[in-house]
Every structure is written in C-alpha cells, then in structure tokens.
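Remarks on the structure that follows.
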Amino acid sequence: MPLFNQKVSPGLTIADDTDILHFLNPDDSDKYVDARTALKNSDIYSIIFQLSADLANGKLKADAPRAQGILNNPTQTSNAHAFWQSMFAQLLLGGEAFAYRWRNQNGTDMTWEYLRPSQVTPFLLEDGSGLIYNVTFDEPEVGVMEAIPQSDIIHIRLLSQNGGKTGISPLSALGNELQIKDQSNKLTLSALGRSILAPGILSIKHGGLLSDEEKASRSRKFMKQTSDSQNGPIVLDDLEDYTPLEVKSNVAQLLNQVSWTGAQIAKVYGVSDSIINGQGDQQSSIQMMGNAYVKSLSRFAKPIVSELNDKLNANITLDLRPAVDPLGDDYANTLSTLQKNGTLGANQTTWILQQANYLPDEMPDKEKPTTQVQPVQVVSGDDDSAKGGENDDPDQD
C-alpha cells in the first residue's frame, strides 16, 4: 500500500432507511436473513452456486498488463476461480463484496485479500469527497486498520439506497417466503411423524372404561406382541379390534404446497425457476432460456466490471461466453451462419475460431479439391446426329 503522511478526519457513519425502520419497529428487524441461514435452503444454495460459478467461469480481460496480471492471480491463499467465486457468492448473498489491495510503495498490486462484510465498516468523509474503511483483519500481526482510503478497497455493490455507497442484500426480500417455507416444512415433518408413530388403532370392545395408564399399558403390550411375532400374523381375541391407518394422499400434497417459494427466490435474482427445479416452461425453447439467463448474468457482471474499472484504471470486460457456451458449439454455428451469408470469409471464420481456442492454432491448411477429368460419353451408332457428318451410305464412295 502506498504510504502518505496525511491526516484523515474521522468519517461519518453511513446509515440507510432500514436503520430508522428498525429503530421505530424493532420487532421487524428479524426479517433479515443472514447468509449462513440462507445457504441451508436448497433453492437459494442452487441459485447462488450456479450464478457465482458461471460468473467465475467468465473471463476477465483488461487492456493493461498489470491489471490483467492481478485479475488472473488475485490471491496467494487460493486459486483464481475459488477467489472470484467467493467474491461473487458474497455479492449475491449480501449485496456487496470486499477485498483489500495489498500494494507496494509504487502502488502496484501485489495480492488481494478477501474480506467478509463483518470485517469491514465503511464511513463517509466529513466533506463528502469519498469513503474510508475500518477493517479488522484475521491476521494478529495486522489487527485493525482504520481510515483506509477507498482506493485500497475493492467494494462491489448491487442495488443501493444511498447513492451507491453500500449495497442491499437480495435476501432481505425473502424474509416472509423463507419463514412460510420453514413453517411448511415443520408442518410436513409433523404430519409424516404422526402418521408413522400411530400405525393403527387398537379398540377394546367390552372392556368398559379404561384409565389412561391401562390404555398405555395395553398399547405397549400390543407393540411387544407385534415385535415378538417377527412380522407374522397378529392374534387377537373377540374383545379387541385393530385397524391399521393409511397415509392419505393429502399428506404427500404437503410436500408441494409451497413450491411457489422456489419461483419467488428465482424472481428475486432475476433468473428462471428452471435452474432450481430442473424444468422450465415446456413451451420455451432451449435458446430462449439461454438468452434469458445470459441477460441475468449481465446484470450482475456490470457492477463487477464497473468497480474494477474504477479501481484499476483500465478497460476491463467480463466475457460470459465460456460460462454460457462452454464447448463453443453455439459460437461456431453463429460464425458458420455469418460465413454462409457472406459476412465473413472462410479464412476469417477460421481465425476467429482459433482465437476462441475452438480450433488449434497449428491446424493444417484445408486440402484443395483435385481436378477430375470428365469421362467421355460413348454414343451408340443409332444416333446419326452424333456422327459429325460421317457418310455410311454403301452406294457412295
């Protein structure tokens, strides 16, 4: 990090509307869903994993060699894909992601350190000219660093309510849905548990009024008799009648009564619910679903690229083609169509596919078609027109 002898004034706390709402209505503060709890939900985990993985599968490209180098190798504690997927997952869960830029005295990036949101506290300068951060590092030798300038922090934000200073977590819109789903899961487990714990009804016909202790004792004896019979027939006298219970179909319906929560979660992240339940609209084609997913990824890619452009002072792009078309077949088909339409030549198409690593660089040249000699047609003697004026009259010499 570059060293400057300058005095930084204490910053102002960045507050948003949610702090005021929680102050006026503290009972409503429990609607916030933390990331650890959210990842226990299978639908949220599926969306976060797929979106973060596809964003990390994209290729970050910079027009400056130094910027490209730190993008390819941002950290020393893990590989580049794991670092970027962790950053993007935190962005999708919390609405913002942080990383500290360890730089030398010349300002060149050496390595980046991923920071959890709980480690970072942003402040606004008194004159409003920028942000400063207080960061609590995990390393005991570093400890707490105060008044870090915003140029040393990678701070990616999603939707914001304070002019882009901080981001809003998409999970804040899923509080009611997750509570409903938790209650539904408890209801389903309770219904299934009761159907298993009560396998049937044992009725005593002429036993009179039995006490609760006598009924429980007879139930235990009956269960012991069932166990001792080793799955054999149960023998009862005329004073008892056993009726087994059946699991009704409405119990199975409990498992699907809140399937709409998956669609609600997908709606928050702007993707189709087909990536959750494995099946989408059967009337939609695969290409239409793919185009919609690319648009969803581009919405998250723009805040990432914008922050990196601002901090690295370079023109950075995020190529999502490796994520949505890993084999490159769709890209090759598009180039083939352009070649057939005359927009691209054969040599241009080959060069583009080589640059995309779809074709090898040292590919041999295409074989030229060999010239074939057309066979001479043999015409039968009955065709006089093909004889070229030959005279076959025996009377003429």
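Residue pairs meeting the ring pair (Phe, Tyr, Trp, His ring centres under 6.0 Å) criterion with at least one member in residues 342-362: none, sequence neighbours excluded.
A search for ring pair (Phe, Tyr, Trp, His ring centres under 6.0 Å) contacts involving Tyr45 returns nothing, not counting sequence neighbours. Glu307 pairs by the salt bridge (charged side-chain N to carboxylate O under 4.0 Å, His left out) definition with Arg157, Lys311, not counting sequence neighbours.
Residues Lys61 and Ile316 have side chains not in contact (no heavy-atom distance under 4.5 Å, counting atoms from C-beta outward). Contact annotation: the side chain of Gln354 approaches that of Thr350 to within less than 4.5 Å [non-hydrogen atoms, C-beta and beyond]. Contact annotation: the side chain of Pro122 never approaches that of Lys165 to less than 4.5 Å [non-hydrogen atoms, C-beta and beyond]. By the 4.5 Å heavy-atom criterion applied to side chains, Ile132 and Ile148 are not counted as neighbours. For the pair Tyr133/Met145, no side-chain contact is recorded, criterion being any heavy-atom separation below 4.5 Å from C-beta on. When side chains are defined from C-beta on, Ile153 counts as touching Val135, because their heavy atoms get closer than 4.5 Å. Using a 4.5 Å heavy-atom cutoff, the side chains of Thr77 and Thr111 are not in contact. Two residues are said to be in side-chain contact when any heavy atoms from C-beta on lie closer than 4.5 Å; Asn57 and Val324 fail this criterion.
Among all heavy-atom pairs drawn from Ala67 and Ala314, the shortest one is CB-CB, 4.0 Å. Between Gln348 and Leu344, the closest heavy-atom pair is OE1-CA, 3.5 Å. Minimum heavy-atom separation, Leu320 to Ala301: CD1-CB, 4.4 Å. Residues Gln161 and Ile168 come closest through the heavy atom pair CG-CD1, 3.2 Å. Summarising the geometry of Ala266 relative to Ile47, their closest heavy-atom pair is CA-CD1, 3.6 Å, with the distance given to 0.1 Å. The heavy-atom pair separating Pro74 from Phe83 by the smallest distance is CG-CD2, 3.4 Å.
The local environment of CD in Gln76 is sparse, with at most 12 non-hydrogen atoms from other residues, nucleotides or ligands closer than 6.0 Å. In Arg299, the CZ atom is crowded: over 12 heavy atoms of neighbouring residues, nucleotides or ligands sit closer than 6.0 Å.
In this model, a donor atom of one side chain and an acceptor atom of the other lie less than 3.5 Å apart for Gln50 and Ser46.
A donor-acceptor pair under 3.5 Å links the side-chain atoms of Gln68 to the main chain of Ala62, judged by distance alone. Checked by atom type and distance alone, the side chain of Ser336 never pairs as donor or acceptor with a backbone atom of Ala332 at under 3.5 Å. A donor-acceptor pair under 3.5 Å is formed between the side chain of Asp63 and the backbone N or O of Asn315. The backbone N or O of Ser169 sits less than 3.5 Å from a side-chain atom of Ser172, completing a donor-acceptor pair. With hydrogens and angles ignored, the 3.5 Å screen pairs no side-chain donor or acceptor of Ser129 with any backbone N or O of Leu125. Without hydrogens or angle criteria, Ser296 side chain to Gly270 main chain gives a donor-acceptor distance under 3.5 Å. No side-chain donor-acceptor contact under 3.5 Å links Gln90 to the backbone of Ala97. Looking only at distances, no side-chain donor or acceptor of Thr166 sits under 3.5 Å from a matching main-chain atom of Asn162.
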message: Quick one, Asn341 with Thr343, criterion side chain to side chain donor-acceptor pair (under 3.5 Å). Give me CA distance, side-chain angles, the key distance, then yes/no.
response: CA-CA 6 Å; Asn341 296 338; Thr343 305; 5.3 Å; no
task: With side-chain contact (heavy atoms from CB on, under 4.5 Å) as the test, would you mind laying out the steps for Ile48 and Leu93 before giving the verdict?
output: CA-CA 8 Å; Ile48 296 300; Leu93 289 171; 3.8 Å; yes
- request: Would you check, one step at a time, whether the test side-chain contact (heavy atoms from CB on, under 4.5 Å) holds for Asn134 with Phe123?
  value: CA-CA 8 Å; Asn134 291 348; Phe123 295 94; 3.2 Å; yes
query: Should Asp54 and Phe88 be marked as a side-chain contact (heavy atoms from CB on, under 4.5 Å) after you check the CA-CA gap, both sets of side-chain angles, and the distance that decides it?
result: CA-CA 10 Å; Asp54 289 340; Phe88 299 153; over 6 Å; no
Test ring-ring contact (aromatic ring centres under 6.0 Å, His included) applied to Trp112 and Tyr114, step by step: CA-CA 7 Å; Trp112 290 357; Tyr114 168 80; over 10 Å; no
Test side-chain contact (heavy atoms from CB on, under 4.5 Å) applied to Ile156 and Met87, step by step: CA-CA 9 Å; Ile156 308 174; Met87 287 283 292; 4.2 Å; yes
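In this structure, Glu113 CD and Thr75 OG1 are separated by 7.5 Å, a value rounded to the nearest 0.5 Å. Note that CG of Leu131 and NE2 of His155 are 8.0 Å apart. Values are rounded to the nearest 0.5 Å. Here OG1 of Thr121 is found 10.0 Å from CD of Glu146. Values are rounded to the nearest 0.5 Å. To the nearest 0.5 Å, the span separating CD1 on Ile265 from CD1 on Ile44 amounts to 4.5 Å. Atoms CD1 and OG1, on Ile352 and Thr334 in that order, are 11.0 Å from each other to the nearest 0.5 Å. In this structure, CG on Leu308 lies 9.0 Å from CG on Leu318, to the nearest 0.5 angstrom.
Follow the hydrophobic side-chain contacts under 4.5 Å out from Leu71 and you never reach Met110; the two are in separate clusters. Clustering ILVMFWY residues whenever any of their side-chain heavy atoms sit less than 4.5 angstrom apart, transitively, puts Leu158 in the very cluster that holds Leu39.
When each of Asp152, Asp109, Thr108 is paired with Arg101, the side chain to side chain donor-acceptor pair (under 3.5 Å) condition holds for Asp109 and for no other.
Note on ring orientation: taking the six-membered ring where Trp is involved, the planes of Phe300 and Tyr269 are tilted (angle from 30° to 60°). Taking the six-membered ring where tryptophan is involved, the planes of Trp102 and Tyr100 are perpendicular, since the angle between them exceeds 60° and thus also 30°.
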